[in-house]
Amino acid sequence: MNRSLVVTGTDTDAGKTLVSAAILGQYSSVFSDLNYYKPVQTGYPNDDDAATVAKLSGCSRVIRGLQFKEPLSPHRAAELENREIDVDRLLADTEQLSQTGRLLIEGAGGLFVPLNRSTLFIDFFERINCPVVIVARSGLGTINHTLLSVEALRSRNIKIAAIAFMGPPNHDNIETIRQFTNVSILGPIQFQDFENGPPVIDVDKILFRYFE
């Protein structure tokens with residue numbers, strides 16, 4: 001798909017939703033057809049990433065996909081409702097949405113989170129063929145988690161647009177990851193950075209070319 005980006009994380013609660021809000025807040029005024037899309041949401045309605053993104057970004061152009069009640073991996077949350085995620089249908093829905101405008105697509109958890117008993121999120125990302133922004137924590141453990149995520153994406157020939165860091169500044173962790181991956185860096189940002197509206201996370205407009 002053209003003019004679309006995926007936001008994934010090194011693991012659950014890495015900060016994908018905040019990064020998505022920051023990106024949407026920065027670029028929604030530049031691209032009037034840019035929409036945020038959450039293909040699968042678990043833990044709904046207590047967890048509603050689309051609502052959070054709309055609130056923090058100041059942009060109401062959010063699209064919800066499948067929703068499941070239990071705050072579990074999508075495959076298991078679906079099973080507990082006697083459902084199974086049809087990945088082909090999910091791909092078709094995503095493709096159809098991409099025909100009407102630009103998409104910022106947020107995954108659930110990390111790359112190896114199952115959508116069903118035979119398909120992982122990384123399989124879905126490979127098939128939609130969009131560049132990926134990896135969201136990583138800035139603190140201890142992030143080097144290992146981030147390098148593993150980069151390796152996994154590169155093994156599938158999935159383009160990495162940038163690595164976005166969440167949390168307090170940690171120069172050495174960020175610089176070490178930059179040196180080992182040679183990937184563009186965004187952030188770091190923290191939740192309090194949204195107090196006066198969405199922060200400009202992409203200072204150098206690294207992501208602009210993926211949307212234009």
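For clarity, every value in this text was computed on a predicted model and none was experimentally measured. Residues: numbered from 1 along the sequence shown.
- Residue-environment remark: CG (Asp33) exceeds the threshold of 12 foreign heavy atoms within 6.0 Å.
- Residues Leu111 and Ile85 fall within the same hydrophobic cluster, defined by Ile, Leu, Val, Met, Phe, Trp and Tyr side chains chained together at heavy-atom separations under 4.5 Å.
- You'll find the side chain of Phe68 stays beyond 4.5 Å of the side chain of Arg76, heavy atoms only.
- Under the 30°/60° scheme for interplanar angles, the aromatic rings of Phe124 and Phe121 are found to stand perpendicular.
- Side chain of Thr119 to backbone of Leu115: no donor-acceptor contact under 3.5 angstrom is found.
- Atom OG1 of Thr17 is separated from atom CG of Leu56 by 9.0 Å, given to the nearest 0.5 angstrom.
- Glu79 places none of its side-chain heavy atoms less than 4.5 Å from the side chain of Asn116.
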Verdict with reasoning, Thr94 to Ile105, per side-chain contact (heavy atoms from CB on, under 4.5 Å): CA-CA 9 Å; Thr94 305; Ile105 305 165; 3.9 Å; yes
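- Note on Ile128: it clusters hydrophobically with Phe112, by side-chain heavy-atom contacts below 4.5 Å among ILVMFWY residues.
- Counted by atom type alone, Tyr27 and Asp202 present one or more donor-acceptor pairs between their side chains at under 3.5 Å.
- Inter-residue side-chain proximity for Met166 and Val135 is flagged as met; some heavy-atom pair is nearer than 4.5 Å.
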Residue pair Leu5, Val132: steps toward the side-chain contact (heavy atoms from CB on, under 4.5 Å) verdict: CA-CA 6 Å; Leu5 275 175; Val132 171; over 6 Å; no
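- Salt bridge annotation for Arg137-Asp11: present, with a cationic side-chain nitrogen under 4.0 angstrom from a carboxylate oxygen.
- Surrounding CD of Gln179 are more than 12 heavy atoms belonging to other residues, nucleotides or ligands, all under 6.0 Å away.
- In this structure, Arg61 contributes its side chain and Ser28 its backbone to a donor-acceptor pair below 3.5 Å.
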Stepwise side-chain contact (heavy atoms from CB on, under 4.5 Å) check, Val150 with Phe180: CA-CA 10 Å; Val150 169; Phe180 274 100; over 6 Å; no
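- Salt bridge absent: Arg117 and Glu84 never bring a charged side-chain N and a carboxylate O closer than 4.0 Å.
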Step-by-step salt bridge (charged side-chain N to carboxylate O under 4.0 Å, His left out) determination, Arg178 to Glu175: CA-CA 5 Å; Arg178 188 202 307 269; Glu175 188 58 31; 3.1 Å; yes
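- For the atom pair Asp13 CG and Lys16 NZ, the distance stands at 7.0 Å (nearest 0.5 Å).
- A pairwise comparison of heavy atoms in Leu97 and Thr100 identifies O-OG1, 2.9 Å as the closest pair.
- Residues Pro74 and Val40 share a closest heavy-atom pair of CB-CG1, 3.8 Å.
- At distances below 3.5 Å, not a single donor-acceptor pair connects side-chain atoms of Thr42 with backbone N or O atoms of Ser73.
- Nearest approach of Asn170 to Gly139, heavy atoms of both residues: ND2-CA, 4.4 Å.
- Here OG of Ser98 is found 11.0 Å from CG of Asn35. Values are rounded to the nearest 0.5 Å.
- No single ILVMFWY cluster, assembled from side-chain heavy atoms under 4.5 Å apart, contains both Leu186 and Ile177.
- Screening Leu207, Leu18, Ile206, Val19 for a side-chain contact (heavy atoms from CB on, under 4.5 Å) with Ile201, the sole residue that qualifies is Val19.
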Verdict with reasoning, Tyr36 to Glu106, per side-chain hydrogen bond (donor to acceptor under 3.5 Å, both in side chains): CA-CA 8 Å; Tyr36 164 90; Glu106 182 186 346; 2.5 Å; yes
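- Interatomic distance, CG of Asn46 versus CD of Glu70, reported as 10.0 Å (0.5 Å rounding).
- Asp193 approaches Pro188 most closely through the heavy-atom pair OD2-O, 4.4 Å.
- In terms of modelled atom types and a separation under 3.5 Å, the side chain of Thr142 and the main chain of Ser138 share no donor-acceptor contact.
- Cluster annotation: Ile160 and Leu103 are assigned to the same hydrophobic cluster (Ile/Leu/Val/Met/Phe/Trp/Tyr, side-chain heavy-atom contacts under 4.5 Å, transitive).
- The pair Lys38-Asp48 does not meet the salt-bridge criterion, since no charged nitrogen lies less than 4.0 angstrom from a carboxylate oxygen.
- Between Leu90 and Leu66 there is a side-chain heavy-atom pair separated by less than 4.5 Å.
- One hydrophobic cluster, built from ILVMFWY side chains closer than 4.5 Å, holds both Phe194 and Val62.
- The line from CG of Leu104 to OH of Tyr210 is 14.0 Å long, rounded to the nearest 0.5 Å.
- Between Tyr37 and Val6 there is no side-chain heavy-atom pair separated by less than 4.5 Å.
- Counting heavy atoms from C-beta outward, Cys59 and Gln26 have side chains that stay 4.5 Å or more apart.
- Using a 4.5 Å cut-off on side-chain heavy atoms (C-beta onward), Arg102 and Ser4 make no contact.
- Judged by distance alone, with hydrogens and angles left aside, the side-chain atoms of Thr146 form no donor-acceptor pair with the main-chain N or O of Ile143 at under 3.5 Å.
- A salt bridge does not link Arg127 with Asp123: every distance from a Lys NZ or Arg NE/NH1/NH2 to an Asp or Glu carboxylate oxygen is 4.0 Å or more.
- The pair Glu212-Arg209 does not meet the salt-bridge criterion, since no charged nitrogen lies less than 4.0 angstrom from a carboxylate oxygen.
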Derivation and outcome, side-chain contact (heavy atoms from CB on, under 4.5 Å), residues Phe31 and Arg3: CA-CA 10 Å; Phe31 302 106; Arg3 305 182 305 168; over 6 Å; no
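- Across all non-hydrogen atoms, the minimal contact from Ile189 to Ala22 is CD1-CB, 4.2 Å.
- Here the closest non-hydrogen pair linking Arg64 and Gln67 is CD-NE2, 3.0 Å.
- Between the OG1 atom of Thr176 and the CG atom of Leu147 there is a distance of 9.0 Å, given to the nearest 0.5 Å.
- Under the 4.0 Å criterion applied to side-chain N and carboxylate O atoms, Glu151 and Arg154 are not assigned as salt-bridge partners.
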